[in-house]
Amino acid sequence: MSDAEFMAEALIEAGKAALAGEVPIGAVAVKDGVIVARARNQVEELHSVSAHAEFMLLHELEKLYGDWRMSDFTFYITKEPCPMCAGMLINSRVKRVVFGIGDPAGGGLGGAFDLNEIPGLLWHCEVTSGVLAEESLSLIQDFFRKRRAGK
């Protein structure tokens, strides 16, 4: 499968987040060309600031593989990770991070900050941005448009 095909799967997870009333961000983890885990934002459902799609995905992989090191995995995420998530991805040694839309106001992998470029870190992820960006942006814009209309 291609980056776009894997990102389309992450968009499905983002859609599930939107249906649950969460900010629509989804993610999938790929190892050896196969999706091995899926996650979505669950901040409101779990009442946890750390229940971002990336954290949920990492926790699922830790359970499945019994390790915190993710150097064999590519994470596909519909939106650029925030600094909290970017730091977690780097520290867990994710091989590659692919995201849809960037976040110039609060992104942690090239938007507002680029934690991946801090010299002296023991690990740096390969980063690819802009994959199905229009679809990711449309989903988020629709979500917030509906939320504003509902108030």
Side-chain angles (χ1 to χ4, degrees), residues 1-18 22-141 143-144:
M1 290 176 71
S2 68
D3 282 349
E5 291 169 311
F6 287 126
M7 188 62 73
E9 294 295 318
L11 281 164
I12 291 170
E13 297 305 311
K16 292 176 185 176
E22 299 281 352
V23 174
I25 299 173
V28 298
V30 173
K31 182 178 179 182
D32 299 325
V34 175
I35 295 173
V36 295
R38 298 168 175 270
R40 60 179 177 80
N41 271 8
Q42 292 184 270
V43 173
E44 300 300 333
E45 290 172 82
L46 299 178
H47 308 288
S48 173
V49 69
S50 68
H52 290 195
E54 300 92 330
F55 268 82
M56 303 308 291
L57 189 61
L58 178 67
H59 292 314
E60 182 64 25
L61 291 169
E62 289 169 338
K63 284 188 259 180
L64 287 171
Y65 291 92
D67 197 1
W68 61 268
R69 293 168 193 86
M70 299 292 136
S71 57
D72 293 333
F73 297 91
T74 297
F75 278 33
Y76 290 84
I77 310 156
T78 56
K79 181 184 161 292
E80 179 182 354
C82 71
M84 175 180 70
C85 292
M88 182 265 313
L89 295 170
I90 292 165
N91 285 320
S92 63
R93 298 185 172 118
V94 171
K95 178 180 179 179
R96 183 171 177 233
V97 176
V98 180
F99 62 84
I101 59 169
D103 184 357
L109 288 177
F113 311 94
D114 195 345
L115 298 178
N116 203 40
E117 294 297 320
I118 295 173
L121 289 179
L122 297 175
W123 187 265
H124 297 274
C125 304
E126 179 185 335
V127 176
T128 303
S129 62
V131 177
L132 298 186
E134 290 181 22
E135 293 85 344
S136 296
L137 179 60
S138 177
L139 187 61
I140 288 175
Q141 287 176 331
F143 174 80
F144 284 109

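Predicted model only: the values in this text are computed from it and were never measured.
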**Report entry** Ring centers of Phe73, Tyr65 separated by less than 6.0 Å
**Finding:**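 They qualify: ring centres under 6.0 Å apart.
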**Report entry** Option from Glu13, Glu45, Glu22 for which salt bridge (charged side-chain N to carboxylate O under 4.0 Å, His left out) with Arg40 holds
**Finding:**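 That would be Glu45; it is the only one of Glu13, Glu45, Glu22 passing the salt bridge (charged side-chain N to carboxylate O under 4.0 Å, His left out) with Arg40.
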To the nearest 0.5 Å, tell me how far [X] [atom1] sits from [Y] [atom2].
X: Thr78; Y: Leu137; atom1: OG1; atom2: CG; result: 11.0 Å
X: Cys82; Y: Glu54; atom1: SG; atom2: CD; result: 6.5 Å
X: Trp68; Y: Ser92; atom1: CH2; atom2: OG; result: 8.0 Å

Query raised in the report: When you look at Lys95 and Asp72, which way does the salt bridge (charged side-chain N to carboxylate O under 4.0 Å, His left out) test go after all the steps?
Result: CA-CA 6 Å; Lys95 178 180 179 179; Asp72 293 333; over 6 Å; no
Requested in this report: Go through the steps to decide whether Glu135 and Met7 satisfy the test side-chain contact (heavy atoms from CB on, under 4.5 Å), and finish with yes or no.
Outcome: CA-CA 10 Å; Glu135 293 85 344; Met7 188 62 73; over 6 Å; no
Keeping the roles fixed (side chain from [X], backbone from [Y]), state whether a donor-acceptor pair exists under 3.5 Å.
X: Glu9; Y: Phe6; result: no
X: Glu80; Y: Asp103; result: yes
X: Trp123; Y: Val94; result: yes
X: Ser138; Y: Glu134; result: no
X: Ser71; Y: Arg93; result: no

Query raised in the report: Angle class for the Phe55/His52 ring planes (parallel below 30°, perpendicular above 60°, tilted otherwise)?
Result: perpendicular
Report task. Could you give me the CA-CA distance, side-chain angles and deciding distance for Phe75 and Val98, then say whether side-chain contact (heavy atoms from CB on, under 4.5 Å) is met? Result -> CA-CA 6 Å; Phe75 278 33; Val98 180; over 6 Å; no
Query raised in the report: Any side-chain donor-acceptor pair under 3.5 Å between Thr128 and Arg96?
Result: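 Yes, Arg96 and Thr128 have a side-chain donor paired with an acceptor closer than 3.5 Å.
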Query - Check against side-chain contact (heavy atoms from CB on, under 4.5 Å), Val28 and Thr74 - result: CA-CA 8 Å; Val28 298; Thr74 297; over 6 Å; no
Least distance between heavy atoms, [X] atom then [Y] atom:
X: Ala53; Y: Ala39; result: O-CB, 3.5 Å
X: Gly106; Y: Pro83; result: O-CD, 3.0 Å
X: Gly100; Y: Ala133; result: O-CB, 3.7 Å
X: Met84; Y: Ser50; result: CE-CA, 4.1 Å

Query raised in the report: Can you name the side-chain contact (heavy atoms from CB on, under 4.5 Å) partners of Asn116, sequence neighbours left out?
Result: Ile90, Leu109, Asp114, His124, Cys125, Val127
Query - Test side chain to side chain contact (heavy atoms under 4.5 Å, CB included) applied to Leu139 and Val23, Leu11, Ile101, the passing residue - result: Leu11
Query raised in the report: Are Ile35 and Arg38 close enough, and set up right, to give a side-chain contact (heavy atoms from CB on, under 4.5 Å), and what steps lead you there?
Result: CA-CA 8 Å; Ile35 295 173; Arg38 298 168 175 270; 3.8 Å; yes
